[in-house]
Amino acid sequence: MDHARRIFSEYNAWLQSKSSLEPKALRIKAGFDLDFIHQECRLGLIRLWGEIQESDEYTLHLKMNDLEHEEFSLTPLENGFEIAGGSKNALLYGVYRFLNRLATGESMEKIHEHSAPKVDYRIINHWDNMDGHIERGYAGNSFFFLNNKFDYDQERIKNYARLMASIGINGICINNVNVNKVSAGLIAEPLLTDMAELAALFRPFGIRLLVSVHFDAPMIVGGLTTSDPLDAGVKEFWKAQSAIVYDKIPDFLGYLVKADSEFRGGPEAFGRTQADGANTIAAAVAPFGGLVFWRCFVYNCQQDWRDAQTDRPMAAYKHFQPLDGTFDQNVILQIKNGPVDFQTREPVSPLFSNLKNTREAIEFQIAQEYTGQQIDLYSLAVQWEEILAAEVDKGKQLKSLFGQEIVAVTAVTNTGNNMNWTGNILAQCNLYAFGRMAWNPELTAKELIREWIQITFETDAHGRQTIEEMLLTSRGIYESYTAPLGIGFMVNPSNHYGPNVDGYEFSHWGTYHRASSDAIGVDRTSKGTGFTLQYPESLQRMYDHIESCPEELLLFFHRVRYDYKMKDGRTLLQYIYDSHFEGAQQAEALLQSWETLENRVPQEVFNSVKARLQLQLLNAREWRDQVNTYFYRKTGIDDEKGRKIYM
Ligand code: GCW
């Protein structure tokens, strides 16, 4: 078997299980213009059943009808089945969903579904550098770039496109938001022609490309002396260059911009606002129907730790909220889910409550930067489900903004050139869940985890239950042995793996816990830094009062004494000790659970996951001991249960 097929048939989760119940003798009937979709459907069925014979006994009808643009329906018929969609892309989604449900073991006559996505744009962001390295990549190197050139295996790209389309993704940004001089050239020749070739591979799958652009492209690419967005020459540069891009790639989705953030250029360097910057670039792509995704991850990364007034989570709101209503229609503000940076526990960014006249994208991170780096098990679906259900205004959940202010759902991908895409095969589940939740935010972590397991592993009930339980509990476990209660960070600087309680305490990144001998945390209430004032009043009150603040966010919002009594009567300090002892124990239990799966999953999968769980256990013990020792040394107070704390 060739390399690319191995990737798909052995490792790609989507279509693994075999269903012997289904008729193998069937004819697929598709409209004249639907060759590609017809082929995809055939291919999928063959992968599921081994072969299919053409026969009139049973007919699978593929048809386009007057459903909405991306809406599809799946309907069993008397002697057949109908997959219908409002467009080619919709029909393709219908086909993949149909195959997906067959792969979970359902029989055709039970498959009824009518579905349309809640948001128009479901986008994957690659943080791939053109030298091949991926920023925060934990599954190998880029499968787009090497040595500052495009360098890819066409078959692998098609498999990737299929993988993405099968979970409803319709946009992919191919390069890192930290654009360098080389990748700044993606919007110009000779790289542009190469990008157009790549775009052509994604096109049949309904996926449009985006590129991260350098705010200073007018200087780097255009040779100008300024990038001031209000400068006539700069405006002209963006227009002319974008015309060239759209001439090569007419269905190009647009640009992603990280400006004024972590040493990137931006409008503020020229005394201009974020809206000035975004609108200049947006005006250039508007004639072609292009979009500008403008990131809100703007904060002072050169903070003096002595400065207790500046509070990093407040930054995005301060920069963007006052500009609400001033962004062009084709600008989409891309906002990280929380106000800090993809920690295990943060409140939802207050921008979601308070940008009423601006189109928004929510940005998640599937790459497990702060969440175990695809070594430690961490089911992001569990966390996303909570985030989507979080309140953004009186009785209004975040997901209710989907299709309203929130028009796009984006995420930093966890894929790389590793054979199984994600390094740790169990991390595939996060990618799968992301696509499905971006399409339908009502789906629960439990059902998505279950679906993914069914289509990935041919195992018995014990196998399925064990993996489900491991995934469902993984987030809580990781959170408890790392930096719980919303305190965050405490990681090793720069690589962000493993404990270092004071690692960021005296640095310039603005993430401080300020632990003393009697208390820890930053007071972010209206009496403290005032962060809570960025929320609508009902939420502000809830977070302000320690009694009503959700306990899991206690140390995000409050500075708390170690002898503070938690809801169950334990002191905060005892909670910290318990959580770390228990977390490490549970990490051990994860390994034990997995060990019961030998011979129930392919040996290679068994070994590679086991090796990671062993590393996770070492990591968890290190976290437990460093954190517990740290707080013991601060307080001199023993663990009530007398467990081992190193002096
Ligand atoms: O959390 C930080 C990451 C950076 C990343 C940045 C961002 C791409 O550590 O690696 O840069 O976020 O989101 O821009």
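Read the numbers this way: they start at 1 and go in the same order the structure lists the ligands and their atoms.
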So the atoms of ligand 1 within less than 4.0 Å of a heavy atom of F297 turn out to be 6 (C), 7 (C), 12 (O), 13 (O), 14 (O)

Test your reading of the structure: does E135 have an N or O sitting under 3.5 Å from an N or O of ligand 1?
yes

Using a 6.0 Å distance limit plus a 45 degree cone around the ring axis, check whether R156 lies over the aromatic ring of W421.
yes

Which of parallel (below 30°), tilted (30 to 60°) and perpendicular (above 60°) describes Y160 and F143?
perpendicular

Positive for side chain to side chain donor-acceptor pair (under 3.5 Å) with Q274, one of H319, R295, E268
E268

Is the contact between W509 and ligand 1 made by the side chain, the backbone, both, or neither, using heavy atoms and a 4.0 Å cut-off?
neither

Write out the residue and atom name of the closest protein heavy atom to atom 14 (O) of ligand 1, then the distance separating them to 0.1 Å.
K258 NZ, 2.6 Å

Below 4.0 Å, non-hydrogen atoms only: which portion of V412 touches ligand 1? Side chain, backbone, both or neither.
neither

Please work out which of the three classes, parallel, tilted or perpendicular, describes the rings of Y370 and H496, given edges at 30° and 60°.
parallel

Among all the protein's non-hydrogen atoms, which is closest to atom 12 (O) of ligand 1, and how far away is it?
K336 NZ, 3.2 Å

Geometry only, no angles: is N176 polar-contacting ligand 1 at N/O separations under 3.5 Å?
no

Work out whether the distance between some heavy atom of Q365 and some atom of ligand 1 is less than 4.0 Å.
no

of all protein heavy atoms, closest to atom 8 (C) of ligand 1 is N178 ND2, 3.2 Å

If you scan protein heavy atoms around atom 1 (O) of ligand 1, the nearest is D341 OD2, 2.3 Å

Shortest protein contact, atom 9 (O) of ligand 1 (heavy atom only):
E369 OE2, 2.6 Å

Which of the numbered atoms in ligand 1 are below 4.0 angstrom from a heavy atom of H496?
9 (O)

Can you tell me how far the CZ atom of R359 sits from the CD1 atom of I406, to the nearest 0.5 Å?
13.0 Å

Residue-level breakdown please: for F342 versus ligand 1, do any non-hydrogen atoms fall below 4.0 Å on the side chain, on the backbone, on both, or on neither?
neither

May I ask you to establish whether R524 and F556 are in a cation-pi arrangement, using a distance under 6.0 Å from NZ or CZ to the six-membered ring centre and at most 45° from the ring axis?
yes

Applying a strict 4.0 Å limit to heavy atoms, is R295 in contact with ligand 1?
yes

Could you state the interatomic distance from CZ (R624) to OH (Y481), rounded to the nearest 0.5 Å?
12.0 Å

State whether K149 and D151 are salt-bridged, where the test is any N-O pair (Lys NZ or Arg NE/NH1/NH2 against Asp/Glu carboxylate O) under 4.0 Å.
no

Taking only residues two or more places apart in sequence or in another chain, which ones pass salt bridge (Lys or Arg N to Asp or Glu O under 4.0 Å) with R272?
D228

protein heavy-atom neighbour closest to atom 6 (C) of ligand 1 works out as E262 OE1, 3.3 Å

Say whether W127, considering both its backbone and side-chain N or O atoms, lies within less than 3.5 Å of an N or O atom on ligand 1.
no

Parallel, tilted or perpendicular: which one describes the rings of F364 and W384, with boundaries at 30° and 60°?
tilted

